[in-house]
Undergrad: 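Structure incoming, see below.
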Amino acid sequence: MLITRLPDKMTLAAAVLLLLLTLVSNSRADRDFDVRHHLSTVTRYSAVKDIVDNSFQPTDIPVGCTPIHLNLVARHGTRSPTKKRMRELEKLASHIKELLKDAKGKNLSLQKVPAWLLRWESPWKGKLSGGELDKKGEEELYQLGIRVRERFPDLFNEEYHPDVYPIKTTQVPQASASAVAFGMGLFSCNGSLGLARHRAFAVTSESRASDITLRFFDCCQTYKDFRKSHEPAVDKLKEPIIAEITSALAKRYRFNFTRQDISSLWFLCKQETTLLDITDQACSLFSPTEVALLEWTDDLEVFMLKGYGKSLNYQMGVPLLKDVIQSMDQAIKAKEDNQAPGSYEKARLRFAHAETVVPFSCLLGLFLEGSDFQRIQKEEPLDFPPKPPKSRSWRGSIVAPFAGNNMLVLYSCRANSSSKYFVLALHNEHPIAMPGCGGTDFCPFEVFKESIVSPHLKHDYNTLLPSES
């Protein structure tokens, strides 16, 4: 009997041990989970700016290569919720009060409902305006300006002139305020205004109705029609996730949440975390697995309506790409003609929106999986970002967080190098692989133009039509 029972006991012990190890592993994973990294495009810059692909080895810039021009395309910093979103949170508060009243009227237990929810009011209740740059957003851009100057001192050693350092922004307050905050950091201590020795600088913008360089998405009727017609399809893809989490939370807290409640609570989670540094209220309602799924639904929406999900999304950004290349060509000409310092542009600095930064990243071919670069060159449809728990490159929190940015730095190298001019690609201030240049971050200018830029230039902004991709 002992001989026959021993394997059963060993099997049982092994099963128990495996269960314990799984529980410990899951518990550790939950403790290591940081919701601040999983808020898609509502993520604060400081939370994710130093998250990089550790498998990528940045290029050591060769001796004899010096930066001669910088292009910056940046999103505005952290901002407050819009008026529409603030009204949504007020409706959420009203509905929760109705649910509480109904539960009390039916003598239902509220022991499972978190205490904070029983007394919650929207922090933005009664606020009449929204969408403005938050003080955290001001700091993000101010510090970015300081870091850019410190990283590229040879580019910012000239006396300020708007023709040398043009700063361009959209006619939207949070973007223009971001440009000002960046400029204050970039030119800090270089002026004579006040104790901080600030200096005045120019910020220019095009009319919203005609700004096809930075607000191409708002000027393209083809895109607006596409987005309006495809938003229901995106909602349909998200619906099973929302329904599943709604059911899970209703059972967990024994509270009659609706799908709209869950969508609003997820939005509240993102706002509380980013603006108020609160992670133990709305966010704590969701498990790490549920947060990952909700993040994926947001990322999916960004992918489909702003990113690689439709070639139109990034084709309409070609005027911006042309502007970047034009500035590089002019910088090279100034270098070749040996123009005097102060007589030519050394940096072109732009401040806009996620709807600008995401398509621009796509035009550069960033954040693609495997052979997808060849597919976008052929304007073929790409697969959706893999669903959790699978890993993915396309994450809104990395692609376009608040203050997210792309920098293309033009370098002049000695004649004995393989090429005379190179382009360094930086995303959120870190070197990033360009699939169109063999996966390097430091690309010969001729290759950059031929392999990455030229295939997009066949599209004319004024005649764009929705493709089948």
Undergrad: Backbone N or O of Pro359 within a donor-acceptor pair of the Tyr308 side chain at under 3.5 Å?
TA: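 Flag not set: sc Tyr308 to bb Pro359 has no pair under 3.5 Å.
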
Undergrad: Is it the case that Asn71 and Arg350 place a side-chain donor and acceptor less than 3.5 Å from each other?
TA: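 Yes.
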
Undergrad: Would His69 and Tyr344 count as a close aromatic pair, with their ring centres under 6.0 Å?
TA: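 Ring-ring flag for His69/Tyr344: false, centres at least 6.0 Å apart.
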
Undergrad: Could you check whether atom CD of Gln330 has more than 12 heavy atoms from other residues, nucleotides or ligands sitting under 6.0 Å from it?
TA: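 Yes.
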
Undergrad: Pick one: which of Phe442, Phe422, Tyr421 meets ring-ring contact (aromatic ring centres under 6.0 Å, His included) with Tyr411?
TA: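 When ring-ring contact (aromatic ring centres under 6.0 Å, His included) is applied between Tyr411 and each of Phe442, Phe422, Tyr421, only Phe442 qualifies.
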
Undergrad: Determine yes or no for a side-chain-to-main-chain donor-acceptor pair under 3.5 angstrom, with Ser80 supplying the side chain and Gly130 the backbone.
TA: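 Not confirmed, Ser80 side chain does not pair with Gly130 backbone.
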
Undergrad: Regarding Gln315 and Glu379, is there a side-chain donor-to-acceptor distance under 3.5 Å anywhere?
TA: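 Indeed, the side chains of Gln315 and Glu379 share at least one donor-acceptor pair under 3.5 Å.
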
Undergrad: Could you tell me whether a side-chain N or O of Asp298 sits under 3.5 Å from a main-chain N or O of Gly396, the two making a donor and an acceptor?
TA: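 No, the answer is negative, given that no donor and acceptor are paired below the 3.5 Å cut-off.
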
Undergrad: Any salt bridge between Glu345 and Arg348, counting N to O under 4.0 Å?
TA: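 Looking at Arg348 together with Glu345, the answer is yes, because their closest N to O distance falls below 4.0 Å.
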
Undergrad: Start with the C-alpha distance between Asp372 and Arg375, add both sets of side-chain angles, then the distance that settles salt bridge (charged side-chain N to carboxylate O under 4.0 Å, His left out), and finish with yes or no.
TA: CA-CA 5 Å; Asp372 281 347; Arg375 294 173 69 183; 3.3 Å; yes

Undergrad: Can a donor-acceptor pair be found between the side chains of Asp154 and Thr66 at a distance below 3.5 Å?
TA: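 There is no such pair between these side chains.
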
Undergrad: Hey, what's the ring geometry for Phe402 with His76, parallel, tilted or perpendicular (30° and 60° as the breaks)?
TA: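 The rings of Phe402 and His76 sit tilted, inter-plane angle from 30° to 60°.
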
Undergrad: Between Arg44 and Thr274, is there a donor-acceptor pair closer than 3.5 Å when you use the side chain of the first and the backbone of the second?
TA: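 Present.
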
Undergrad: Would you mind checking if Glu90 and Arg87 are paired as a salt bridge, meaning a charged N to carboxylate O distance below 4.0 Å?
TA: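 Salt bridge between Arg87 and Glu90, a charged N being under 4.0 Å from a carboxylate O: yes.
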
Undergrad: Taking salt bridge (charged side-chain N to carboxylate O under 4.0 Å, His left out) as the criterion, tell me which of Arg75, Lys306, Arg215, Lys224 meets it with Glu355.
TA: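 Exactly one option meets the salt bridge (charged side-chain N to carboxylate O under 4.0 Å, His left out) with Glu355, and it is Lys306.
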
Undergrad: Taking Ser264 for its side chain and Leu92 for its backbone only, find out whether a donor-acceptor pair lies under 3.5 Å.
TA: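 It does not hold such a pair.
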
Undergrad: Is there a donor-acceptor pair under 3.5 Å between the side chain of Asp134 and the backbone N or O of Arg79?
TA: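 Not confirmed, Asp134 side chain does not pair with Arg79 backbone.
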
Undergrad: Donor-acceptor pair, Arg392 side chain versus Trp394 backbone, under 3.5 Å?
TA: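 Side chain of Arg392 to backbone of Trp394, a donor-acceptor pair under 3.5 Å: yes, one is there.
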
Undergrad: Would you say the side-chain atoms of Ser397 and His38 include a donor-acceptor pair closer than 3.5 Å?
TA: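 No, no side-chain donor-acceptor pair sits under 3.5 Å.
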
Undergrad: Between Asn405 and Tyr45, is any side-chain donor less than 3.5 angstrom from a side-chain acceptor?
TA: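 Judged by distance alone, the side chains do pair up.
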
Undergrad: Anything under 30° is parallel, anything over 60° is perpendicular, the rest tilted; go ahead and classify Tyr223 against Phe226.
TA: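 Answer is tilted, since the angle falls between 30° and 60°.
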
Undergrad: Examine distances only and state if a side-chain atom of Ser178 and a backbone atom of Gly77 form a donor-acceptor pair shorter than 3.5 Å.
TA: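 Yes.
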
Undergrad: Without swapping roles, check the side chain of Glu140 against the backbone of Thr78 for a donor-acceptor pair under 3.5 Å.
TA: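 Confirmed, Glu140 side chain pairs with Thr78 backbone.
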
